[in-house]
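Ligands are counted one by one from 1 in listed order, and the atoms in each one are counted from 1 as well.
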Amino acid sequence: DRTLLPYEKRAELTSNSIAKRLFTIMATKKTNLCLSVDLTSSTKILDLVQKVGEHVCLVKTHIDIVEDYTDNFIVQLKELAQKFNFLVLEDRKYADIGHTVSLQYSKGLYNVADWADCVTVHSLPGEGILKALNDSAHSSRGVFLLAEMSSEGNLITPDYTEATVKMAAKYPELITGFVCQKKSTFKDPSLIQLTPGVQLESSKDELGQVYNTPEKVILENGADVIVVGRGIVSAKNPEAQAVVYKDTLWKCYTKRVSG
Ligand code: S5P
């Protein structure tokens, strides 16, 4: 059972440099919280990350929702990443043919390849998408492959999930882990389970998002890194709420690994 091993042990098993760093950061900072900083103003993003950076292992961006993007925003975000020791995941969910994805990844306004430690990718187009990223990513980069989604009525089937996990096994140096919902989705302890759809206050939104509790996603469903967006971003006091999430999530993890 991969989920019973502590993060520091799993750090020793991985072939992907970002998975190694992320496992190590979690063990050192004692946090498995990923903040999904889904805000559209760069100042608001930087303010929030300044406040909660010390409590998270990973900051997840949707760079294409930022209305006032500049290269300097990235410089400042990366300075915060250095200062607080977290990694940056650009949640781009690439889903095109390999050639197009290699352009989307390393060209254009955002030049994601330049700054994101890892990115999210759909397996839908087939292996070419991973080949493309493998060729254009440098050695300290990672991919979280979408094997399942949190949203109601999504079209991913068990066969699709299984084929996704098989596809990932061909690229051990590239793959950091899976975005997924279930413990049974994969067995390899060197890969990281990133699980979104967590909120303490609510069980769904109006557009199909489904929320589970920290206990459920960590103890039952095998989550390693837990993505929280609006649970923190929309809280009255995001900093205080980030601490609540961090403590609750970490308690579930320590319970899990102590058997
Ligand atoms: O299945 C998924 C995969 C992802 S990456 N379901 C998700 O919700 N996400 C992302 O996690 C989504 O794009 C959003 O940025 C975040 C969840 O945000 P929240 O506000 O619902 O916590």
Side-chain angles (χ1 to χ4, degrees), residues 18 22 31-41 44-45 48-49 52 55-67 77 86-95 110 112 116-124 129 133 142-158 160-161 164-165 168 175-186 191-214 216-218 221-236 238 241-242 244-246 248-249:
I18 295 300
L22 192 49
T31 176
N32 50 10
L33 171 62
C34 165
L35 173 68
S36 184
V37 65
D38 299 340
L39 295 164
T40 57
S41 135
K44 285 191 177 148
I45 293 174
L48 182 57
V49 173
V52 307
H55 305 300
V56 304
C57 59
L58 185 66
V59 166
K60 187 173 85 56
T61 55
H62 282 296
I63 203 63
D64 56 358
I65 69 173
V66 177
E67 289 175 328
L77 182 65
F86 61 76
L87 299 181
V88 178
L89 167 62
E90 163 55 17
D91 189 8
R92 175 61 179 75
K93 295 191 183 71
Y94 295 107
Y110 303 121
V112 172
D117 297 301
C118 41
V119 294
T120 53
V121 175
H122 280 295
S123 54
L124 178 78
I129 197 165
L133 289 165
V143 161
F144 279 100
L145 203 54
L146 272 284
E148 280 150 357
M149 290 198 73
S150 62
S151 45
E152 216 167 61
N154 74 75
L155 302 179
I156 294 178
T157 61
Y160 180 102
T161 300
T164 300
V165 173
I175 302 294
T176 306
F178 297 102
V179 179
C180 70
Q181 295 288 323
K182 294 202 311 282
K183 180 166 148 176
S184 57
T185 299
F186 69 100
L191 298 174
I192 296 179
Q193 176 172 340
L194 184 83
T195 301
V198 173
Q199 218 192 111
L200 295 166
E201 251 98 52
S202 152
S203 64
K204 58 182 171 58
D205 74 5
E206 316 74 52
L207 297 171
Q209 174 71 302
V210 178
Y211 292 116
N212 289 300
T213 62
K216 171 127 195 217
V217 298
I218 295 175
N221 295 355
D224 296 311
V225 178
I226 294 83
V227 177
V228 181
R230 285 163 288 178
I232 291 171
V233 175
S234 309
K236 277 209 191 81
Q241 199 60 3
V244 170
Y245 275 96
K246 170 193 166 181
T248 312
L249 294 167

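Taking only nitrogen or oxygen atoms, main chain and side chain alike, T120 does not reach within less than 3.5 Å of ligand 1. When only interatomic distances are considered, the shortest N/O to N/O separation between Q181 and ligand 1 does not fall below 3.5 Å. Annotation: S151 places no N or O atom under 3.5 Å from an N or O atom of ligand 1; distance criterion only.
With hydrogens left out, the protein atom closest to atom 1 (O) of ligand 1 is S150 N, 2.8 Å, a heavy atom. Among all non-hydrogen protein atoms, the one lying nearest atom 8 (O) of ligand 1 is Q209 NE2, 2.8 Å. From the protein, the heavy atom lying nearest to atom 3 (C) of ligand 1 is P196 CG, 3.4 Å. Nearest protein heavy-atom neighbour of atom 22 (O) of ligand 1: G229 N, 3.0 Å. At the shortest separation from atom 14 (C) of ligand 1 among protein heavy atoms lies D38 OD2, 3.4 Å. Looking at atom 21 (O) of ligand 1, its nearest protein heavy atom turns out to be Y211 OH, 2.6 Å.
Proximity of V121 to K93: side-chain heavy atoms (C-beta onward) are nowhere separated by under 4.5 Å. Proximity of I232 to Y245: side-chain heavy atoms (C-beta onward) are separated by under 4.5 Å at one or more points. At least one side-chain heavy atom of P196 sits under 4.5 Å from a side-chain heavy atom of Q181.
Note that CG of L145 is 6.0 Å distant from CZ of F178, once rounded to the nearest 0.5 Å. For the atom pair L35 CG and I226 CD1, the distance stands at 13.5 Å (nearest 0.5 Å).
In this structure, a donor-acceptor pair under 3.5 Å is present between the side chains of S123 and Y160. Remark: the T185 side chain and the E148 side chain contain an N/O donor-acceptor pair separated by less than 3.5 Å. Side-chain atoms of T61 and E90 form a donor-acceptor pair, as typed in the model, at a separation below 3.5 Å.
The part of H62 lying near ligand 1 is the side chain, judged by heavy-atom distances below 4.0 Å.
Distances from ligand 1 to the non-hydrogen atoms of K93 include at least one value under 4.0 Å. Residue G231 places no heavy atom under 4.0 Å from ligand 1.
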